[in-house]
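Bear in mind that the values here come from a model prediction, so they are computed numbers and not experimental data. Within every chain, numbering begins at 1; the chains are lettered A, B, ... in the order of the sequence lines, protein sequences first and strands thereafter. The figures here come from the full heavy-atom set of this structure, side chains too, leaving out hydrogens, waters and symmetry mates.
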Amino acid sequence: MLISYSWLKEFVSLRKSAEQVASDLSLVSVGVEGIRKIGSDKVLDIDITYNRGDLLSVVGVARELAAIYELPLKGLVEKFQPVEHLSPLPVKNNVSLSKLYTLTKISELRYKITPKQIVVRLEAAGMRSVNLWADLTNYIMLEWGQPFHAFDAEKVGRRDPSLSIEIRSAKRGEKIKTLDGLDRDLIEGDIVIADKAGAIAIAGVMGGEETEVDEGTTEIILESAIFDPISIRRTARRLGLRSEASNRFEHYLSPDNLYTSLNKILQLYQVYGKGKITGFASVGERTTEPYSVGLTHDKLTRVAGEALPLSKARLYLERLGFKVMSSEKGLLCWPPHFRGDIRIPEDVAEEVLRLHGYEKILSKPIQTTLEEVRENRQEDWRDRVTSGLTGNGFSEIKTFPFVSTAALTHLKTKDLLRLKNPISVEAEYLRPSLLLPLLEVAKRNNPRYIRGRVFELEKVYPRSGENLALGALIWGEKETFLGLKGILEELGRQAHLKLDFSPVKEEFLHPVKAIEIRVGRERIGFLGEVHPHLAAAFELPEAAVFEINFEKFADLAQTWGKFTPIPAYPEIFEDYSFLLPQTRSLADLINKIRSSSPLVRELEIKDRFETKEGDRSVTVRIVYQSMEKSLSSRDIEPLREKIADLIRKSGGNIRE
Amino acid sequence: MNLVEAEAKALEEIGSVSSLAELEEVRLRHLGRNGVINQLLSEIPELPRQEDRKSAGEIINSVKEKIEIALERKDQELKRKDLKEIDRSSFDTTSPGISPPTGSVHPLTEFREFVRDTFSKLGFEEVYAPHLEEDEYNFGLLNIPPDHPSRDLWDTLYLEDGRAMRTHTSNMQVREMRKRKPPIRVMTFDRCFRYENVDPHHSHTFTQFEVLYVDKDVSMGQLRFLSDLFLKAVLGEKTKTRFRPKYYPFVEPGVGVDALCPFCEGKGCRICGMEGWFEIAGAGLVHPQVLRNGGIDPKIYSGLAWGFGPDRMLMIKQGIDDIRYFYEGDLRFLKQF
């Protein structure tokens, strides 16, 4: 909100610079985002927080500054007192919609142009001058925080000679043409001001065009009210009509302040418009019912963390306009009428601390009991996996949780959650997996990095429920499938988990090079070469990807492995080289060799390559070792034939 | 072959050898198990006379000794030569090492680990709360009823099923209070979402860190303690911070924490927007109604909540000028960390 510094000075004799005032307000009340120079004046851009609706006016800020600097307020006026000769206006109010509703009739007005100072001040606050009658309502709103609306009484009378005004909820299908010339569809729950012919204004949001004041207006019905903030907010948002007025109606407004500002605006209509007040009506509470909040010394100490004397607290509160009485238990505090936000002792304590100065709060070490901090497997494994992958050349990425409709053409899935109010078509759905983000990142980097390894460890949002997923993708390397599979197997080893794999068909994966990953019966993810067409769509060379449900992984993972005794007897090494077609399973063959004899202690793939003829050539190194004795050539003689036999039966062709 | 021939041949072969490997071959040929000398020695027992056996042994051994000396000399000579060659060889040691595959940890993860370490030393336990959240945990139970004007503080993304994408990590507060008994010390470092267009300083997806501490006698003094402790750890011992009033519906009193701009030390510069201070964290004492919503009696216990935006803090700390770098996966950015 923009507040003129010279205007503030009409209410409080500030001796400090606008910059100093801005800084002090920031430290005691609400933030000041900037200061702008307009002519010889300065304008403070104040960031009003929701609880401090009372600061949405020059007078409100002046009051706050008076409290901060211990200065008196000046330029105040009395509350408006309706006198008996005023003719009553027929008004029907529904107090659940409007806590207080008043109408004042001003007659015999003579138009003149708005005085320059008023125009300048409206513009400094970011408002436009319209005509004198409307300008005065805005001017007093800026000064006092209370919005007003002026109806042209003659125009209302043409519609409804009885001028019977009613505050009611809009009817289904009801319409109104607002001041900006647009037809607005209203819904039940919108508050409208209506006469017998229908709505003449959307309460608190915008007036109707038909009853608008203009230079020819000679009689005004001036509305000043307090509407239900929630309803005003809902309507203003729905219609995209949030304004200075609707903003103030969304905050707490004080009936006392309404009557004071009414007095002031009526003075202006008399001074500048030569009008006479001829009628008045009000329905609702005329004053704020005072209430008290207690503050004990114990409470204040518990909030502050140190003992502040209640006598000091009392002085701070009185500066802020509280009425304070000492009681046996502490202080009884009656907030000023404009502070609807003060409800509980903590609110009062905050007021005391603000004026005392938050910067004076002393640091107080925490003293507490030690509690068991539970093991957090997810965090432990997150750390391990992150350092494992980064150690293997992966860069960790973080990407947005949304996927675009366009990207989804590549991923035929119905497992999607859709946003009700997406920011754009780029972000209409929540990602069900990390696949698309990984591909997009690879695409972004690919020509610059001809090879790459990336992973993300973040949430995905399938319909079955959000979960933490680990996804990794490599591109541009030789053997992407086996390379990535090796990485995954290494993660499995770290976690002491036996990962099982079986072929799987997924539309986004290579028709042949694709597997699902299981631990026992539990499926935890997939791994495969990215389908060549999908890779091409993302302008990628050969790429491979895996994704696992990280929560399941961390749950199953074992932190502590078991020691296997290392035999004391020497081992014998032997190599076997053979050709094995891709149609035959190397893993099966390896498992068979491993279980062929207890003397086969280890088996490792020493070398594998594709021959010129396109066959797969594999060399395995077998380690024979016994727990009981030194092996001689004679001991393993029978195994040689057995293993050679296994290789042949599994489709292998032993090379000499 | 007689002994004289054997000796001459051995010495000749030793003389013509040019490498240590060849020398070893020669040694094996002549002095090895199947070498001439050993053959001759093995024939000695066949001699009929004791004196002959004795003198033959002596003669053969003296030849063996000569050969051994020649071998040793040659060995020394070759090693000297070899060393000279190694000395003469050249190698560019300034050549850069062969790079292992280099990965990189995301700066937010690095920061997360730092923050977790700092607070876990104080006994705070890491917790999680859903990203897709019921309205009441994100808003209602935090004193933000539906349609309440204070909701304007959070532009919210909603799912078609009515759930919200959580707008802050504070949705963990009531969840954790309901699960635990005081003293409660929990922290969370996770993603939040707002309805916001992405530009260099804003992002619909961002990160928050938040701690919640509920115990007897939790006060503003302790909030100050925790806040100072952490900000000094992150921004350096000399960091100056200040508290000022700030409104969040779920705390009372509410606190905004500013840090003195490290670039201009408070004088005001472009980076801090001429303010001299950065708003760096939000905090406060947990509102008694929120404690009640969490099943905790505010007459006995009080609590504090303190949180900040790691994205923004890292941008200040590391001089990163665009928040989008965190979320775009550009390896030119990521590999710097």
Heavy-atom proximity to chain B below 4.5 Å, by part of [X]:
{"X": "A/Leu362", "answer": "backbone"}
{"X": "A/Asp347", "answer": "both"}
{"X": "A/Leu27", "answer": "both"}
{"X": "A/Arg302", "answer": "both"}
{"X": "A/Arg242", "answer": "side chain"}
{"X": "A/Arg451", "answer": "neither"}
{"X": "A/Glu250", "answer": "both"}
{"X": "A/Pro422", "answer": "backbone"}
{"X": "A/Glu351", "answer": "neither"}

Is the count of non-hydrogen atoms from other residues, nucleotides or ligands lying under 6.0 Å from [X] atom [atom1] greater than 12?
{"X": "A/Gln367", "atom1": "CD", "answer": "no"}
{"X": "B/Lys335", "atom1": "NZ", "answer": "yes"}
{"X": "B/Tyr325", "atom1": "OH", "answer": "no"}

Which atoms of [X] are under 4.5 Å from chain A, going by heavy atoms: the side chain, the backbone, both sets, or neither?
{"X": "B/Val127", "answer": "neither"}
{"X": "B/Pro298", "answer": "backbone"}
{"X": "B/Asp215", "answer": "side chain"}
{"X": "B/Leu157", "answer": "both"}
{"X": "B/Leu334", "answer": "side chain"}
{"X": "B/Tyr213", "answer": "side chain"}
{"X": "B/Leu223", "answer": "neither"}
{"X": "B/Ser203", "answer": "side chain"}
{"X": "B/Arg332", "answer": "both"}
{"X": "B/Gln222", "answer": "both"}
{"X": "B/Thr102", "answer": "backbone"}
{"X": "B/Lys181", "answer": "neither"}
{"X": "B/Phe337", "answer": "neither"}
{"X": "B/Arg324", "answer": "neither"}

- What parts of residues 470-477 of chain A touch chain B if we use heavy atoms and a cut-off under 4.5 Å? A/Trp475
- Residue-level contacts of residues 385-394 of chain A with chain B, using a heavy-atom cutoff under 4.5 Å: A/Thr386, A/Thr390, A/Gly391, A/Asn392, A/Gly393, A/Phe394
- Message: Treating A/Arg248 as the side-chain partner and A/Leu56 as the backbone partner, does any N or O pair qualify as donor plus acceptor under 3.5 Å?
- Response: yes
- Task: Please answer whether the main-chain N or O of A/Ala442 pairs with a side-chain N or O of A/Asn446 as donor and acceptor at a distance below 3.5 Å.
- Result: no
Any Lys/Arg nitrogen of [X] or [Y] sitting under 4.0 Å from an Asp/Glu carboxylate oxygen of the other?
{"X": "B/Arg194", "Y": "B/Asp155", "answer": "no"}
{"X": "B/Glu126", "Y": "B/Arg112", "answer": "yes"}
{"X": "A/Arg36", "Y": "A/Asp45", "answer": "no"}
{"X": "B/Glu125", "Y": "A/Arg374", "answer": "yes"}
{"X": "A/Arg431", "Y": "A/Glu456", "answer": "yes"}

- Query: Top residue by heavy-atom pair count (under 4.5 Å) with chain A, among B/Gly329, B/Pro253, B/Gly284, B/Pro245?
  - Reply: B/Pro245
- Item | Closest heavy-atom pair and its distance - B/Asp258, B/Arg244 | OD2-NE, 2.8 Å
- Note on the structure: Nearest heavy-atom approach of A/Pro401 to B/Met165 is CG-CE, 4.4 Å
- Query: Heavy atoms, side chains only, cut-off 4.5 Å: are A/Val303 and A/Leu353 in contact?
  - Reply: yes
- Item | Check against side-chain hydrogen bond (donor to acceptor under 3.5 Å, both in side chains), B/Thr169 and B/Asp190 | CA-CA 7 Å; B/Thr169 45; B/Asp190 210 341; over 6 Å; no
- Item | CA sep, side-chain torsions, deciding dist, call: B/Ile280, B/Thr241, side-chain contact (heavy atoms from CB on, under 4.5 Å) | CA-CA 9 Å; B/Ile280 209 139; B/Thr241 60; 5.7 Å; no
Return the orientation label for the [X] and [Y] ring planes: parallel under 30°, perpendicular over 60°, tilted otherwise.
{"X": "B/Phe114", "Y": "B/Phe111", "answer": "parallel"}
{"X": "B/Phe230", "Y": "B/Phe119", "answer": "tilted"}
{"X": "A/Tyr50", "Y": "B/Tyr247", "answer": "tilted"}
{"X": "A/Tyr461", "Y": "B/Phe193", "answer": "perpendicular"}
{"X": "B/Trp306", "Y": "B/Phe209", "answer": "perpendicular"}

Among [options], which has the most heavy-atom pairs under 4.5 Å with chain B?
{"options": "A/Asp383, A/Leu438, A/Val32", "answer": "A/Asp383"}
{"options": "A/Lys398, A/Glu440, A/Glu346", "answer": "A/Lys398"}
{"options": "A/Leu417, A/Ile397, A/Asn51, A/Ile230", "answer": "A/Asn51"}
{"options": "A/Ala427, A/Ser29, A/Ser395", "answer": "A/Ser395"}
{"options": "A/Val441, A/Leu430, A/Ile423", "answer": "A/Ile423"}
{"options": "A/Glu379, A/Arg418, A/Lys420, A/Arg234", "answer": "A/Glu379"}

- Output, in order, the C-alpha distance, side-chain angles, deciding distance and verdict of side-chain contact (heavy atoms from CB on, under 4.5 Å) for B/Leu132 and B/Asp161. CA-CA 10 Å; B/Leu132 310 181; B/Asp161 63 18; over 6 Å; no
- With A/Arg382 as the cation and A/Phe550 as the aromatic partner, state whether NZ or CZ is under 6.0 Å from the six-membered ring centre and within 45° of the axis. no
- Query: Cut-off 3.5 Å, side chains only: do B/Arg224 and B/Ser219 have a donor facing an acceptor?
  - Reply: no
- Query: B/Asn171 pairs by side chain to side chain donor-acceptor pair (under 3.5 Å) with which of B/Glu134, B/Arg166, B/Glu176?
  - Reply: B/Arg166
